[in-house]
Amino acid sequence: MAEKPELASKQEVEAFYNSFKEHQLDLGVNVRHRTIFKNLKKIGLKPGSNVLEIGCGIGTVSSLILSYITRGKFVGADISDESIAVAKKINAKHTNAEFIVNDMSAFSHKTVFDFVVLPDVMEHIPVEQHNNLFKVLSAVTSPNAVVLINFPEPHYLNWVRKNNPEKLQIIDQSLSMQDLLNDCYPHGFKLFSMHSYTLHYTQPDYTSVVLKKNMDIEQFQLKSAVARGLQNTRSKLY
């Protein structure tokens, strides 16, 4: 049985992302960032929502969120102090924003967060730390909190690992949904939705997962007779 590769140290990860900020600056805000932001709005983000972004980097996704949550509070966290310095500068006009250096192994805040977004960062956090991460998040989120996790589709990442390994970051794991759910459910986060989608390739290259603390639905509303009739008719078409 092959030995499991040794993961990089925290110091090595910090150094990697301190230099990686230059790549982020070159890219700027792109289609991936805008897609993540639009998905946040689809799952209920409001101008008054309090948002925690983990792995905010230089604040690209942050800038989109902050332009929208004009009445809410925002905290962006990243392991790279140099990236956080850039994020503060880029988003200096937003007085409701706070950017902190934190690897999320321990985190507390006076703000109770309605939304947590992890924009392509979960695959860079060692799987062994995921359970503790959800424990930390459970303590700082509201009873109706929603978590959006965006990450590379595992089969795509496996393909990259085999064909373009130079594109991989210092830690780049192909995530298992089974492991993810095993880690989040004990801390009150349940799967609301999951879908893989295409962004840069014709095959799915990203996955979006939505977790919710509260899955209760107050009322189920029956579709109209017309809508149900049309649905029944369409089901007969081949």
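- Although no hydrogens or angles enter the test, the distance criterion places no donor-acceptor pair under 3.5 Å between the side chain of Asp103 and the main chain of Ile79.
- With hydrogens and angles ignored, the 3.5 Å screen pairs no side-chain donor or acceptor of Ser138 with any backbone N or O of Lys135.
- Within a 6.0 Å radius of CD in Gln11, more than 12 heavy atoms belonging to other residues, nucleotides or ligands are found.
- With hydrogens and angles ignored, the 3.5 Å screen pairs a side-chain donor or acceptor of Asn102 with a backbone N or O of Ala106.
- Here the closest heavy-atom approach between residue Gln173 and residue Pro126 is recorded as OE1-CA, 3.3 Å.
- The CG atom of Leu180 sits 5.5 Å away from atom CE of Met122, with the distance rounded to the nearest 0.5 Å.
- The backbone N or O of Lys223 lies less than 3.5 Å from a partner atom in the side chain of Arg228, making a donor-acceptor pair.
- A distance-only check finds no donor-acceptor pair linking the side chain of Lys88 to the backbone of Ala85 [under 3.5 Å].
- When the side chains of ILVMFWY residues are joined at heavy-atom separations under 4.5 Å, either directly or via intervening members, Leu181 and Leu137 end up in a single hydrophobic cluster.
- Counting heavy atoms from C-beta on, the side chains of Thr35 and Tyr197 come closer than 4.5 Å.
- Listed here is the closest heavy atom pair of Asn214 and Asn144: ND2-OD1, 2.8 Å.
- For Gln203, there are no side-chain hydrogen bond (donor to acceptor under 3.5 Å, both in side chains) partners at least two apart in sequence or on another chain.
- Side chain to side chain, Thr141 and Lys213 meet the donor-acceptor criterion of an N or O pair below 3.5 Å.
- Arg161 places a side-chain N or O within 3.5 Å of a backbone atom of Asp172 that can act as its donor or acceptor partner.
- Of the N and O atoms on the side chains of Asn182 and His130, not one donor lies less than 3.5 Å from an acceptor on the other residue.
- Note that NE2 of His94 and OG1 of Thr70 are 10.5 Å apart. Values are rounded to the nearest 0.5 Å.
- Both Leu45 and Val146 are part of a single hydrophobic cluster, where members link through side-chain heavy atoms under 4.5 Å apart.
- Looking at heavy atoms from C-beta onward, Val75 lies out of side-chain contact with Lys73 at the 4.5 angstrom threshold.
- Val147 is not connected to Val51 by any chain of hydrophobic side-chain contacts under 4.5 Å among Ile, Leu, Val, Met, Phe, Trp and Tyr, and they are in different clusters.
- Taking the six-membered ring where tryptophan is involved, the planes of Trp159 and Tyr156 are essentially parallel, since the angle between them stays under 30° and well short of 60°.
- Side-chain atoms of Ile170 and Phe20, non-hydrogen and from C-beta on, never get closer than 4.5 Å to each other.
- Here Lys190 contributes atom NZ and Leu211 contributes atom CG; the two are 10.5 Å apart, rounded to the nearest 0.5 Å.
- Heavy atoms from other residues, nucleotides or ligands lying under 6.0 Å from NE2 of His155 number 12 at most.
- Annotation: the span from Leu230 atom CG to Ser235 atom OG amounts to 11.0 Å, rounded to 0.5 Å.
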Quiz prompt | Full working for side-chain contact (heavy atoms from CB on, under 4.5 Å) between Val112 and Asn50 | solution = CA-CA 7 Å; Val112 178; Asn50 295 332; 5.6 Å; no
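- Residue pairs satisfying the ring pair (Phe, Tyr, Trp, His ring centres under 6.0 Å) criterion with at least one member in residues 59-85, sequence neighbours excluded, are listed as follows: Phe37-Tyr68, Phe74-Phe99.
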Exercise. Could you please spell out the steps behind the side-chain contact (heavy atoms from CB on, under 4.5 Å) verdict for Leu199 and Arg32?
Key: CA-CA 7 Å; Leu199 203 59; Arg32 180 173 61 85; 3.7 Å; yes
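- Here the closest heavy-atom approach between residue Met104 and residue Leu52 is recorded as CE-CD2, 4.3 Å.
- Nearest heavy-atom pair, Ser208 versus Asn150, reported as atom, atom and distance to 0.1 Å: CB-OD1, 4.0 Å.
- Heavy atoms only, all atoms of each residue included: Glu53 and Ile65 are closest at OE1-CD1, 4.3 Å.
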Exercise. Please test Asp114 against Ser49 for side-chain hydrogen bond (donor to acceptor under 3.5 Å, both in side chains), starting from the C-alpha separation and ending with a verdict.
Key: CA-CA 6 Å; Asp114 307 304; Ser49 300; 4.8 Å; no
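- For Phe16, the CZ atom counts as densely surrounded, since its 6.0 Å shell holds more than 12 non-hydrogen atoms of other residues, nucleotides or ligands.
- Using a 4.5 Å heavy-atom threshold, the side chains of Ser63 and Asn91 count as touching.
- When side chains are defined from C-beta on, Asn131 counts as touching His187, because their heavy atoms get closer than 4.5 Å.
- No more than 12 heavy atoms of other residues, nucleotides or ligands shown are found within 6.0 angstrom of CD on Glu218.
- Put simply, the side chain of Leu168 reaches to within 4.5 Å of the side chain of Leu157, judged on heavy atoms.
- To the nearest 0.5 angstrom, Leu148 atom CG is 7.0 Å from Ile36 atom CD1.
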Self-check item: side-chain hydrogen bond (donor to acceptor under 3.5 Å, both in side chains) between Ser80 and Asp78, worked out
Solution: CA-CA 5 Å; Ser80 164; Asp78 199 277; 4.5 Å; no
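- Among residues two or more places apart in sequence or in another chain, the side-chain hydrogen bond (donor to acceptor under 3.5 Å, both in side chains) test is passed with His109 by Glu98, Thr111.
- Nearest heavy atoms, Gly55 versus Pro119: O-CG, 4.1 Å.
- To the nearest 0.5 Å, the span separating CD1 on Ile84 from OH on Tyr17 amounts to 13.5 Å.
- When atom types are taken as modelled, the side chain of Asn39 and the backbone of Val210 share no donor-acceptor pair closer than 3.5 angstrom.
- One hydrophobic cluster, built from ILVMFWY side chains closer than 4.5 Å, holds both Ile54 and Phe113.
- Between the side chain of His33 and the backbone N or O of Val61 there is no donor-acceptor pair closer than 3.5 Å.
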Self-check item: Trace of the side-chain contact (heavy atoms from CB on, under 4.5 Å) decision for Glu22 with Leu25
Solution: CA-CA 5 Å; Glu22 301 302 330; Leu25 283 166; 4.0 Å; yes
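- By the 4.5 Å heavy-atom criterion applied to side chains, Lys93 and Leu66 are not counted as neighbours.
- No path of Ile, Leu, Val, Met, Phe, Trp and Tyr side chains, each step under 4.5 Å between heavy atoms, connects Leu175 with Tyr201, placing them in separate hydrophobic clusters.
- The shortest distance between side-chain heavy atoms of Pro204 and Thr198 falls below 4.5 Å.
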Practice problem: Apply side-chain hydrogen bond (donor to acceptor under 3.5 Å, both in side chains) to Ser196 and Glu153, showing your working. | Solution: CA-CA 7 Å; Ser196 295; Glu153 200 281 328; 4.6 Å; no
